[in-house]
Amino acid sequence: MTDVRVRFAPSPTGPLHIGGVRTALYNYLFAKKMGGTMILRIEDTDQTRYVPGAEDYIIESLDWIGIKSEENPVVGGPYGPYRQSERKAMYGEYAQKLIDEGNAYYAFDTPEELDAMRERLKAGGVHTPQYNGLVRQQMKNSLTLPADEVKAMIDGGEPYVVRLKVPLKDEIRLQDMVRDWVHVHSNTIDDKILLKSDGMPTYHLANVVDDHLMKITHVIRGEEWLPSAPLHVLLYRFLGWEDTMPQFAHLPLLLKPDGNGKLSKRDADKHGFPLYPMQWTDPKEGTVASGFRESGYLPEALLNFLAFLGWNPGTEQELFTFDELVDSFSIDRIQKGGAKFDIQKAQWYNQQYLKQLSNAELGQLLLEQLKTEGIEASPEKAEAIANNMKERITYTSDLWTEAKYFHIAPIEYDEKTVRKKWNETAVNGLKAFTSALASEGDLTPERAKEVFSKTLEDAGLGFGKVMPALRISLTGQAGGPDLMEIMAILGREEVIQRIETAITRLQENV
RNA sequence: GGUCCGUUCGUCUAGGGGUUAGGACGCCUGGUUUUCAUCCAGGUAACAGGGGUUCGAAUCCCCUACGGACUGCCA
């Protein structure tokens with residue numbers, strides 16, 4: 001078998017949708033599994049929808065999540081260029097071939113004339129007006145106009161498009177790797193535009209020409225392309241490439257968490273989760289859309305989660321390293337039905353991957369965040385905090401947001417705990433503890449525990465009487481890591497000070 | 001409307017004629033923990049409906065219902 005070559009071909013019209021990331025992932029997994037090549041091709045044939053920065057965003061996103069391509073617009077490759085706008089000259093040749101062989105034709109209808117045609121047909125009871133075998137005979141094109149007139153129009157600079165001449169009666173069959181045989185009758189396909197009046201190809205032509213020229217062996221893409229797949233088969237046939245036509249695999253859609261339908265930005269906002277791999281700032285509106293990266297997701301976790309949305313290895317293993325994913329991946333285990341996007345599962349994956357990180361790695365992540373907050377901390381301290389927080393975080397950002405008290409003394413105290421646990425007994429215990437601490441040196445968790453136990457023992461108090469008050473004084477919160485550990489990280493003097501501050505500020509609650 | 005695709009616990013899914021229909025997330029209960037979380041144990045919950053085929057259908061066939069995608073000089 002020839003070497004497997006797959007491509008991910010996004011259009012630079014904005015940030016990369018998470019569904020696109022999954023498509024890229026499946027392509028990548030398949031390529032790695034087969035020892036093949038992954039190609040990134042930018043489909044920028046629609047100049048009106050071009051968004052500055054989108055291409056860089058796509059490349060950076062794929063890089064962040066760990067999807068690497070061997071051939072792409074940045075490093076190039078043997079079948080470049082990898083940006084369709086730069087391949088513009090190539091498409092005309094094939095459009096011409098189609099015209100010459102009677103499989104395509106010129107059309108001169110203006111947008112207004114097309115609208116009028118659609119209106120006319122709708123009025124006549126046709127729900128979906130098509131530019132098809134019947135309609136084309138009543139329109140302005142090289143099939144209805146005399147040859148010399150056509151030539152004159154083209155020479156005279158009259159704008160035109162090239163349309164595919166879809167056969168009237170033909171059954172088109174294709175074997176999809178996910179769905180098996182799909183057949184469609186040609187009379188349900190209309191004469192799609194191949195070359196636009198600006199000379200750029202549409203997706204249909206560009207994708208077929210490029211996939212052929214780039215020797216793509218497998219086209220793995222979203223289900224939204226299934227209806228136009230027969231059209232692409234027709235193109236391969238007319239271009240004489242049917243025997244080297246790539247195999248198709250149409251992936252199930254990512255659906256909204258509730259109800260039905262394609263996952264959209266609206267759903268993501270409604271449920272408060274990101275839709276894009278990285279944060280995206282719209283260059284025109286200036287609006288900011290959140291990203292998984294900035295929300296504290298680990299790329300490995302997101303990858304694992306995404307891999308399981310529409311595919312599974314058939315075993316009971318849930319956590320997979322990238323290599324394991326490659327190892328077990330196969331297209332015939334891809335699901336046919338759409339998968340609802342369940343952010344809770346993504347959170348669980350993130351938690352699992354977070355727990356697997358070393359304290360040093362986690363500490364480093366915390367340090368990065370502290371830097372953006374303008375807070376200084378030693379790597380040792382960050383590591384110690386990470387060690388105590390790793391069992392209770394969902395996002396990397398929780399290292400900071402859930403444990404600010406390691407860096408800043410509490411400003412507020414959990415109201416419920418104060419009401420129930422802050423009383424004279426507790427305050428007395430706290431006071432005894434600070435005096436005991438006064439004569440201590442550096443605190444270790446062990447030493448802190450010894451002093452605390454001894455103090456309570458001498459005062460004849462139980463742990464439960466004082467502990468909650470101590471926690472409140474130190475952290476302001478009701479829950480959290482082991483207090484002895486917290487005290488060791490905070491340091492003796494800070495502990496004493498926070499207790500005294502709390503006693504003063506909570507006086508009225510005694 | 002038309003064409004195409006789909007349908008197993010709330011969610012992701014295992015399942016290729018005979019299973020107590022399995023796992024994971026979530027949720028609930030209990031245990032561990034001086035707190036929270038983790039962890040451990042247990043529980044809740046599904047084959048869209050109807051016809052066939054068969055000794056026997058979640059599994060094969062047909063119909064219905066429901067859902068989705070597509071239906072642009074967008075990709």
Side-chain angles (χ1 to χ4, degrees), chain A residues 9-13 43-46 48-49 84 107 109-111 114-115 118 122 125-131 159-163 176 178-179 182-185 187-190 192-204 206-207 221-230 250 252-253 255 257-262 305 308-319 333 335-349 351 355 388-394 402 414 417 421 452 456 462-468 470-472 475 477-483:
Chain A
S11 161
T13 53
E43 311 230 323
D44 55 350
T45 54
D46 186 353
T48 64
R49 291 213 307 160
Q84 288 183 329
D109 316 283
T110 63
L114 289 173
D115 281 346
R118 290 186 186 115
K122 272 187 194 164
V126 180
H127 288 276
T128 316
Q130 293 198 117
Y131 200 115
Y160 65 87
V161 299
V162 174
R163 285 184 181 269
D176 185 90
V178 174
R179 289 151 216 281
V182 174
H183 2 93
V184 176
H185 197 89
N187 65 13
T188 64
I189 304 174
D190 65 348
K192 284 274 181 295
I193 290 177
L194 263 20
L195 219 52
K196 300 183 266 189
S197 55
D198 64 358
M200 276 289 191
T202 57
Y203 172 83
H204 305 295
N207 133 281
R221 78 230 296 196
E223 190 189 319
E224 66 267 30
W225 292 111
L226 195 52
S228 53
H250 289 95
L253 263 15
L255 272 21
D258 51 2
N260 291 103
K262 222 169 159 180
F305 165 67
F308 272 69
L309 236 40
W311 170 86
N312 83 89
T315 64
E316 288 184 356
Q317 186 180 347
E318 303 273 340
L319 264 18
R333 292 202 65 91
Q335 206 72 20
K336 291 187 182 71
K340 289 190 182 171
F341 196 83
D342 178 14
I343 196 64
Q344 285 189 314
K345 193 85 175 233
Q347 290 166 346
W348 178 79
Y349 269 110
Q351 219 171 78
K355 271 199 297 193
N388 281 286
M389 291 301 293
K390 69 193 302 181
E391 298 292 318
R392 54 202 98 222
I393 55 174
T394 303
E402 297 296 303
D414 182 74
T417 313
K421 304 290 184 180
F452 189 65
L456 293 196
F463 262 48
K465 293 277 185 234
V466 188
M467 199 74 107
L470 177 59
R471 180 175 294 281
I472 275 292
T475 72
Q477 300 183 2
D482 182 78
L483 269 178

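Here the structure is a predicted model, which means the values were calculated and not measured.
For the pair L255(A) CG and C5(B) P, the interatomic distance rounds to 18 Å; values are reported in whole Å. Distance CD (Q344(A)) to P (U11(B)): 13 Å, rounded to an integer number of Å. In this structure, Q477(A) places its CD atom 16 Å from P of U35(B), rounding to the nearest Å. One atom, NE2 of H204(A), and another, P of G72(B), lie 10 Å apart when rounded to the nearest Å.
In the set C5(B), A37(B), A14(B), C5(B) carries the atom at the smallest distance from any side-chain atom of L226(A). Of the candidates C74(B), A14(B), A24(B), the closest approach to any side-chain atom of W348(A) belongs to A24(B). When each of C12(B), C73(B), A69(B) is scored by its nearest atom to the side-chain atoms of K345(A), the top-ranked nucleotide is C12(B).
Below the 3.5 angstrom threshold, one finds no donor paired with an acceptor across the side chain of R179(A) and the base of C5(B). For R471(A) against U35(B), a side-chain N or O and a base N or O form a donor-acceptor pair under 3.5 Å. A donor-acceptor contact under 3.5 Å is formed by the side chain of S197(A) with the base of C73(B).
In terms of phosphate contacts, K196(A) brings no side-chain nitrogen or oxygen within less than 4.0 Å of OP1 or OP2 of G72(B). Between K262(A) and C70(B) there is a side-chain N or O to OP1 or OP2 distance below 4.0 Å. OP1 and OP2 of A37(B) both lie 4.0 Å or more from every side-chain N or O belonging to Q351(A). OP1 or OP2 of G68(B) has not a single side-chain nitrogen or oxygen of K336(A) nearer than 4.0 Å. Phosphate contact (OP1/OP2 of G15(B), side-chain N/O of R333(A), threshold under 4.0 Å): present.
Base contact: A478(A) has a heavy atom under 4.0 Å from a base atom. Contacts of F308(A) with the nucleic acid, taken as non-hydrogen atoms under 4.0 Å apart, involve only primed sugar atoms and P, OP1 or OP2. Counting non-hydrogen atoms under 4.0 angstrom, N187(A) reaches nothing in the nucleic acid. Within the nucleic acid shown, V161(A) comes within 4.0 Å of at least one base atom, counting heavy atoms only. The residue G222(A) sits apart from the nucleic acid: no heavy atom pair falls under 4.0 Å.
For the P atoms, the distance linking G23(B) with A41(B) amounts to 12 Å, nearest Å. Spacing of C1' atoms, G10(B) relative to C28(B), comes out at 14 Å, to the nearest Å. As rounded to the nearest Å, G50(B) and U7(B) have C1' atoms that lie 16 Å from one another. The gap from the C1' atom of U8(B) to that of U3(B) amounts to 28 Å, rounded to the nearest Å. Taking atom C1' in both C55(B) and C66(B), one finds a spacing of 34 Å when rounded to whole Å. Across G15(B) and A58(B), the matching C1' atoms stand 8 Å from one another, rounded to whole Å. Comparing the P positions of C40(B) and G6(B) gives a spacing of 39 Å, expressed to the nearest Å.
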What's touching nucleotides 62-67 of chain B from the protein side, N or O pairs under 3.5 Å?
residue	atom	partner	partner atom	Å
G67(B)	O2'	N260(A)	ND2	3.3

